[in-house]
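Predicted model only: the values in this text are computed from it and were never measured.
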Amino acid sequence: MAVASSDLQERESAKPTTCAIDARVAEHIVVSDSYLTMTWRRLRRDRAAMLGAVLIGLIVLAAIFAPVLSPHDPTKQYRDGLTKGGQPVPSTLVTDGSLRFPLGTDPNGRDLLSRILYGARVSLIVGVLANALAVAIGTFIGSVAGFFGNPLETILMRFTDIMMAFPTLLLAMTLVAILKPSMWIIILVIGLVYWTWIARVIYGQVVALRERDFVVASRALGSPRSYTLTRHILPQLVPTIIVWGTLGIATNVMLEASLSYLGIGVQPPTPSWGGIIQQGQSFYRTAPWLVIFPGLAIMVTIFAFNLLGDGLRDALDPSQKGRL
Amino acid sequence: MSVIPSTSYEGLPYLDQVKIEVGVEPDVALLRLETGEIHLMGDPPPGAEWTRISNDPAWQDRIEIQPQVSTIYIAINVTWPPFDNVLVRRALNHAIDKERIIQLLNGRGTVANQILPPLMPGYDPDYKGYDYNPEKAKALLAEAGYPDGFETSIECIAVEPQPKLCESFQEDLAQIGIKLTINTLAAPNVIDDAGNGRTPLTWSGGLAWIQDYPDPDDFYGPILGCDSNVPGGWNWSRYCNKELHAKAMELLTITDREKRLQGYKELFRALMDDAVWVPIFNGVYTVAHSEKLRGEATLTHPEHSLRYETMWLEQ
């Protein structure tokens, strides 16, 4: 194998090498480096994607610096946070010219702005980690099924079909109800219900890749299958994983908000955007800020991740523009 | 569901038919009332709208407010550590800001300091109960051996405004170091868990306890007596004090009203000393109806007394 590799090396690269394997690795790095640079150049020219990236940056900063940015403790129920009649207080000016509650209060007299800022933490943590889990499961199942062929292929992909047949939200609700809601459980559940789409996309790509010359060559050279899969096929899947890793966050932020809205997401007093809407929804006529602001927060976040995800897809694979 | 008059009864009622719809959210019901689709709301008007409609002159003749003979409380499961320690139960009684709950209820209730509601014979106007005093609560917890508090949970039904009230308890208990987890469940699940001792604390809001009969025993026998401390029973404190129970049984047989009510005062004081509940508030029932609805709308509680025979619609 070492000899064969060094043959390849001599044909494809003029670089002097001391070790065949090292040289091959080095070559890969050079190739991927320029690929990344090109991708970055294309992405930078995509204004929509850049807008998405900037928005995400702002949301991440808001989440990280929530304790500094928040005017109040997000869980503190203020005496003056409710009117005498027990209604939420709108955004009001106080004597010294600063806003007591910049976006008003919630039905328990808590500061809405602080809750939305802290809520960004929940949305981002759940969105990113749940999606990472989903991508990991989906990539594993999709690539194993696609690469190893039958009978694993049939078993895994039919299992994926069965999982896809369940309505995502209903399945998530059932799992949460069994497992008792908490943030980590929500991450686990979303990861466990959302991987199927990724598995399918990855599977499709791996099936196409496994017949390509470089894969056939690798196997003909006697590489173990696991080596071929991890060293030759997985790197080819990176663009897809990056795109899904970004686009999927948007979907999962939405799913988390839905679960919290239904009361089975992140539990009180921890603020989450879906939960804030749920607690404030009956006030939509008398205190509309309770649904408008968290709704906007969800919308902007999903919008930003979609913009960046779309941009990344186009930048990583220009030939795929508008597809996937 | 439709209710139609019996042909064998003469005179009343005035209405040819009453249609009752169940499973309508209070928000939706109020909207439908405002658009004239319905004439009477089964639930009290939702908190979000109550301040608006109760201050609106156009609504003055369309809202009925009446005190309810009820005490809404936190049942403390006395068999569940650390609530088997009376000091911890007393600490809880000092920790809850009941005025805040009344505010969250838009003033539709009065602070309760004892088990019996004010309209029930045997209510003790001289009893002061436990005041709101987080410092004292902390001291009691320290005395009981929990200076840093502990973790526990409460079950509440998922219907507004109950989750909101439970979040207020959560904040109050956090002040004295108790980390409270709120389990919001459907009403049957809460009743099932509380009745089988599967929860340390139970919020009775939306579930209990409204008088069944105008006698103080109604607030002892079915919910605090030994006979109700059975699986599936409504004694959510899982409380059985044999000595007090014998006394309560004796009270049932006394015919001298003064002596009997005095006996109940002592019984309920003893129960409060044992801090089996945190009594929170006595309810006020509110009804909203259309301008056309006339008759005894005030006496209407669609769940309890169907007084539809006394109502009519003005044309």
(message) I want to check something: taking the side chain as every heavy atom from C-beta on, are B:E49 and A:T286 in contact at a cut-off of under 4.5 Å?
(response) yes

(message) Would you say CZ of A:F140 has more than 12 non-hydrogen atoms from neighbouring residues, nucleotides or ligands within 6.0 angstrom?
(response) no

(message) Tell me if a side-chain donor or acceptor on A:S282 pairs with a main-chain N or O of B:A48 at a distance below 3.5 Å.
(response) no

(request) Would you give the length of the straight line joining atom CG of A:N108 to atom CZ of B:R100, rounded to the nearest 0.5 angstrom? (result) 7.0 Å

(request) Would you mind checking which part of B:N55 comes under 4.5 Å of any heavy atom in chain A, side chain (CB onward), backbone (N, CA, C, O), both or neither? (result) neither

(request) Could you tell me whether B:E25 atom CD has more than 12 heavy atoms of other residues or ligands within 6.0 Å of it? (result) no

(request) Give, as side chain, backbone, both or neither, the part of B:L185 having an atom under 4.5 angstrom from any heavy atom of chain A. (result) neither

(message) Tell me if the CH2 atom of A:W197 is crowded by more than 12 foreign heavy atoms within 6.0 Å.
(response) no

(request) Starting at CD of B:Q170, measure out to CD of A:Q77 and round the result to the nearest 0.5 Å. (result) 8.0 Å

(message) Between A:K76 and chain B, with a heavy-atom cut-off of 4.5 Å, which part of the residue counts as in contact: side chain, backbone, both or neither?
(response) both

(message) Ignoring hydrogens and geometry beyond distance, is a side-chain donor-acceptor pair present between B:E167 and A:Q279 at under 3.5 Å?
(response) yes

(message) I'd like to know if A:R285 pairs up with B:E34 as an ion pair, taking the criterion as any Lys NZ or Arg NE/NH1/NH2 lying under 4.0 Å from an Asp or Glu carboxylate oxygen.
(response) yes

(message) Could you check whether atom CE of A:M254 has more than 12 heavy atoms from other residues, nucleotides or ligands sitting under 6.0 Å from it?
(response) no

(request) Answer yes or no: is there a donor N or O on one side and an acceptor on the other, between the side chain of B:Q103 and the main chain of A:T83, under 3.5 Å? (result) yes

(message) What part of B:N106 gets within 4.5 angstrom of chain A, counting heavy atoms only: side chain, backbone, both, or neither?
(response) both

(request) Below 4.5 Å from any heavy atom of chain B, which atoms of A:R110 appear? Answer side chain, backbone, both or neither. (result) side chain

(request) Determine the option with the most heavy-atom pairs under 4.5 angstrom with chain A, choosing from B:D97, B:T181, B:D172. (result) B:D97

(request) Quick one: pull up CZ in A:F283 and CD in B:E160 and give me the separation to the nearest 0.5 Å. (result) 7.0 Å

(message) Testing the basics here: between A:Q87 and B:T51, what is the closest heavy-atom pair and its distance to 0.1 Å?
(response) NE2-OG1, 2.5 Å

